[in-house]
Amino acid sequence: MRTVDSRPAAAVRVVVGAVVIAVIVVVELTVTVSATWLLARSAGRVTDVDDAPSAPVAIVFGSMVRDGQPLSYVRGRLDTAEQLYRSGRVRHLLMSGNGFSPVGDEVAVMSAYLRAKGIPATSISVDPRGFDTADTCRRARDVYGVERALLVTQDFHTRRAVALCRVAGIDATAVRADCECSTWSLARNHIREALLAAPKAMLTSIG
C-alpha cells in the first residue's frame, strides 16, 4: 500500500497560518496607529453644542437624502447647525455634500431644509462637490476661503473630520450632532471608522 506524504500539505498550512497572522498584525497596527493619529490631531477639539466656541462659519457634512428630505444623520446635523446659528456662535453655514447623487442632491435638500426653518438664504452656502470628508475640508479652505470653522457631524465622525480639516489648513472644532439613529447603524459606523475610514484619512494626510 502506498502512503501519502502529508508533509507538503502541512507546509502549506504553516505558510497560510503565518500569512493570516501577519495580516492580523498589520491590520491591528494600522488601526492602532491611525486611531492614535486621530486622537492627537483632534485633542481638545470635539465638543457639544452648549460648549461650542464661536467661529465665522459652520461646515455641515452631507449624508443621504431621499425624496427631497434629509434622512436621520443629516437631519441631526442640520438641526445642530440651526442651534449654532441661532445662538450666535456662527454667522454662516456651509453645506457640503454630493450634489450629483442619483438618489438626491444632498446640498440642495440641506439648504432647503434650513431655509424652511427660517435661516436666511444669504447665510447659507453650498458646495456640491464635497464627495467625502477630505474633499469637504480641502474645498472649504481652497474654494470658499474658510480658515476657522465649527464642523457639524455625529460623534463617530468628529475626530476624523477635525484631523482632515486641520491637515487642509482650517482651525477646526467639531460639534457633536444628535441623531435619531438605530443602535446598529451607529455601531456599524463606529466600526467602519476604526477599520476603514481612519486608516484612509491618515494615508490621505501623508499623501
Side-chain angles (χ1 to χ4, degrees), residues 30-31 33-64 70 73-74 76-85 87-99 106-107 110-111 114 123-179 189-190 192-207:
T30 301
V31 169
V33 170
S34 61
T36 302
W37 176 76
L38 286 186
L39 285 170
R41 295 293 292 177
S42 63
R45 291 175 175 267
V46 178
T47 186
D48 295 314
V49 174
D50 293 340
D51 298 320
S54 61
V57 61
I59 300 173
V60 187
F61 290 84
S63 187
M64 287 186 64
Y73 282 104
V74 72
R77 297 171 190 179
L78 293 168
D79 290 343
T80 300
E82 181 192 7
Q83 292 179 59
L84 292 170
Y85 180 85
S87 68
R89 287 182 168 84
V90 297
R91 301 187 300 274
H92 200 82
L93 303 173
L94 173 59
M95 310 292 107
S96 183
N98 186 350
E106 291 177 4
V107 292
M110 293 163 71
S111 177
L114 288 174
S123 296
I124 302 172
S125 295
V126 298
D127 177 10
R129 296 184 180 275
F131 299 124
D132 60 25
T133 303
D135 283 341
T136 289
C137 294
R138 184 170 53 249
R139 287 177 56 81
R141 182 69 180 87
D142 296 344
V143 178
Y144 295 88
V146 175
E147 297 180 353
R148 184 163 57 91
L150 300 182
L151 313 178
V152 185
T153 188
Q154 274 77 27
D155 181 63
F156 62 82
H157 182 221
T158 51
R159 294 192 181 279
R160 179 163 60 94
V162 169
L164 287 172
C165 278
R166 293 189 69 197
V167 168
I170 298 174
D171 180 5
T173 297
V175 180
R176 299 183 187 92
D178 292 330
C179 184
N189 276 295
H190 277 286
R192 174 182 171 276
E193 284 289 320
L195 298 182
L196 299 175
K200 177 185 175 183
M202 184 179 66
L203 292 174
T204 297
S205 73
I206 295 171

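Shown here is D132, whose CG atom has more than 12 heavy atoms of other residues, nucleotides or ligands within 6.0 Å. Within 6.0 Å of atom CZ in R129, 12 or fewer heavy atoms from other residues, nucleotides or ligands are found, so the atom counts as exposed in its surroundings.
Separating the CZ atom in F61 from the CG atom in L94 is a distance of 9.0 Å, to the nearest 0.5 Å. Taken to the nearest 0.5 Å, the NZ atom of K200 stands 11.0 Å off from the CD atom of E193. Distance CD/E82 to OG/S87: 10.5 Å, rounded to 0.5 Å.
Residues V74 and E106 have side chains not in contact (no heavy-atom distance under 4.5 Å, counting atoms from C-beta outward). Proximity of P56 to R91: side-chain heavy atoms (C-beta onward) are separated by under 4.5 Å at one or more points. Side-chain contact between I59 and L151 is present, with at least one heavy-atom pair separated by less than 4.5 Å. Between S34 and L203 there is no side-chain heavy-atom pair separated by less than 4.5 Å. A heavy-atom distance below 4.5 Å is found between the side chains of M95 and I124.
Among all heavy-atom pairs drawn from P53 and L150, the shortest one is O-CD1, 3.4 Å. Between R77 and S63, the closest heavy-atom pair is NH1-CB, 3.9 Å. Of all heavy-atom pairs between S96 and V107, the closest is C-CG1, 3.8 Å. Nearest heavy-atom pair across L84 and V152 is CD1-CG2, 3.7 Å. Nearest heavy atom pair, residue G130 against residue T136, reads CA-OG1, 3.5 Å. When all heavy atoms of C137 and I170 are compared, the closest pair comes out as O-CD1, 3.5 Å.
Between the Y144 side chain and the V126 main chain, a donor and an acceptor come within less than 3.5 Å of each other. A donor-acceptor pair is defined here as one N or O able to donate and one able to accept, closer than 3.5 Å; such a pair exists between the side chain of R148 and the backbone of S54. Under a 3.5 Å cut-off, the side chain of R45 and the backbone N or O of V162 do not form any donor-acceptor pair. Under a 3.5 Å cut-off, the side chain of Q154 and the backbone N or O of D178 do form a donor-acceptor pair.
Between the side chains of R160 and T133, at least one donor N or O sits under 3.5 Å from an acceptor N or O.
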Go through D127 and V143 one step at a time and tell me if the side-chain contact (heavy atoms from CB on, under 4.5 Å) criterion holds.
CA-CA 9 Å; D127 177 10; V143 178; over 6 Å; no

Report the C-alpha separation of M202 and L38 in whole Å, then their side-chain angles, then the decisive distance to 0.1 Å, and conclude whether the side-chain contact (heavy atoms from CB on, under 4.5 Å) test is met.
CA-CA 8 Å; M202 184 179 66; L38 286 186; over 6 Å; no

Do R41 and L164 pass the side-chain contact (heavy atoms from CB on, under 4.5 Å) test, and can you show the C-alpha distance, the side-chain angles, and the key distance before you say yes or no?
CA-CA 9 Å; R41 295 293 292 177; L164 287 172; over 6 Å; no

Go through T173 and T47 one step at a time and tell me if the side-chain contact (heavy atoms from CB on, under 4.5 Å) criterion holds.
CA-CA 7 Å; T173 297; T47 186; 3.9 Å; yes

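The ring pair (Phe, Tyr, Trp, His ring centres under 6.0 Å) search around Y85 returns none, not counting sequence neighbours. Looking at residues two or more places apart in sequence or on another chain, you find a side chain to side chain donor-acceptor pair (under 3.5 Å) between R159 and S42.
Remark: D51 does not engage R176 in a salt bridge, criterion side-chain N to carboxylate O under 4.0 Å.
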